[in-house]
Amino acid sequence: MNSAASSRVPRHIAIIMDGNGRWAMQQGKPRLHGHEAGVHAARTIVRAGRDAGVEALTLYAFSSENWLRPATEVSFLLELFIRTMAVELDTLHDEGVRVRFIGDRTALPSNLLAIIEASERRTASNPGMVLVIALGYGGRQDLVQTVRALGAQIEAGALKAADLDEKTLRDALDLGDLPDPDLLIRTGGEYRISNFLLWHLAYTEFYFSDILWPDFSSADFHQALAWFAERERRFGRTGAQVHSERGDQDAQ
Ligand code: FPP
């Protein structure tokens, strides 16, 4: 391993926290118990990310398709998010974390909406890691909303279609000006991106783990970081170009 690689910490990590239901069933408990355990894992990984110097951590907590789950599970999850934010907000704030939510808020209950807005307001000027919670989020819906908003600007004469470029579009997406994730972690043994950050994952490194989310520990997270540090990111260029730009001794 070269030393440049070993010191590379991803600036932005996105995580698909999968496997809560299976984890609970393996223990002979109801699926909802797995979501409770999932919150503990999320807390551990937020701390681990912050301590590792990650600038942004985006957690996929509830997708636009998760609304299709049984009504009891959906309402349990929404209540769990309210409870979790109520319990964690003070600590996150004290640790300097900036909390943001992405996703469609229109279907969220008013008490959840209230705590989302309060969390964002209270932590808005914190200097530390940005914690993005994707809730009611879908990558396709994000793109449609954005195209619609830009289309409206074009109709109003505020934007010219010919001036629309990658930066205009990406800045208008829900993540705004955060850098694209460098690393995507998906737990739970599935190999798909499930309508997560479709635009932003174009050049992200994908790390898949069989571990079910409630069991995903700080050591597992560090294993993913170590794996990432070994990746050679080329963004379409050749390996030789990348080595030579980095000034590696063995550039060829
Ligand atoms: C996947 O497990 C997880 C979810 C649907 C999201 C819920 C996540 C949490 C409760 C973690 C806490 C996060 C925050 C930010 C408070 P699954 O039910 O799809 O598992 P399965 O594939 O085993 O059925």
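First listed ligand is number 1; within each ligand, the first listed atom is number 1.
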task: Give the atoms of ligand 1, by number and element, whose distance to some non-hydrogen atom of R22 is under 4.0 Å.
output: 21 (P), 22 (O), 23 (O)
Electrostatic pair E120-R98, nearest N-O below 4.0 angstrom: no
query: Under 3.5 Å, is there a donor-acceptor pair between the Y137 and D142 side chains?
result: yes
message: Please determine whether any non-hydrogen atom of R69 lies less than 4.0 Å from an atom of ligand 1.
response: yes
query: Considering only the protein, which heavy-atom contact is closest to atom 24 (O) of ligand 1, and what is its distance?
result: R31 NH1, 2.9 Å
message: For atom 1 (C) of ligand 1, what is the closest protein heavy atom, and at what distance to 0.1 Å?
response: M17 O, 3.1 Å
message: Polar contacts were defined as any N/O atom of the residue lying under 3.5 Å from an N/O atom of the ligand; does this apply to G19 and ligand 1?
response: yes
- prompt: Between the side chain of R186 and the main-chain N/O of R192, is any donor-acceptor distance below 3.5 Å?
  reply: yes
task: Would you confirm whether E205, through its side chain, and L184, through its main-chain N or O, come within 3.5 Å as a donor-acceptor pair?
output: no
- prompt: Among side-chain atoms of N195 and Q141, is any donor-acceptor pair under 3.5 angstrom?
  reply: yes
Passing candidate, salt bridge (charged side-chain N to carboxylate O under 4.0 Å, His left out) with D182, options R11, R233, R231: R233
task: Enumerate the atoms of ligand 1 whose separation from the nearest heavy atom of L80 is less than 4.0 angstrom.
output: 10 (C)
query: What's the shortest distance from atom 22 (O) of ligand 1 to any protein heavy atom, and which residue and atom give it?
result: D18 OD1, 2.9 Å
- request: May I ask you to check whether G38 has an N/O atom sitting below 3.5 Å from an N/O atom of ligand 1?
  value: no
- request: Look at the side chain of T123 and the backbone N and O of N126, then say whether any donor-acceptor pair between them is shorter than 3.5 Å.
  value: no
- prompt: To which protein heavy atom is atom 7 (C) of ligand 1 closest, and what is the distance rounded to 0.1 Å?
  reply: A61 O, 3.4 Å
Nearest non-hydrogen protein atom, atom 10 (C) of ligand 1: H35 O, 3.5 Å
- request: Just do the salt bridge (charged side-chain N to carboxylate O under 4.0 Å, His left out) check on R83 and E88 with the steps written out, would you?
  value: CA-CA 9 Å; R83 241 189 310 134; E88 299 296 330; over 6 Å; no
statement: for atom 9 (C) of ligand 1, nearest protein heavy atom and its distance come out as N20 ND2, 3.6 Å
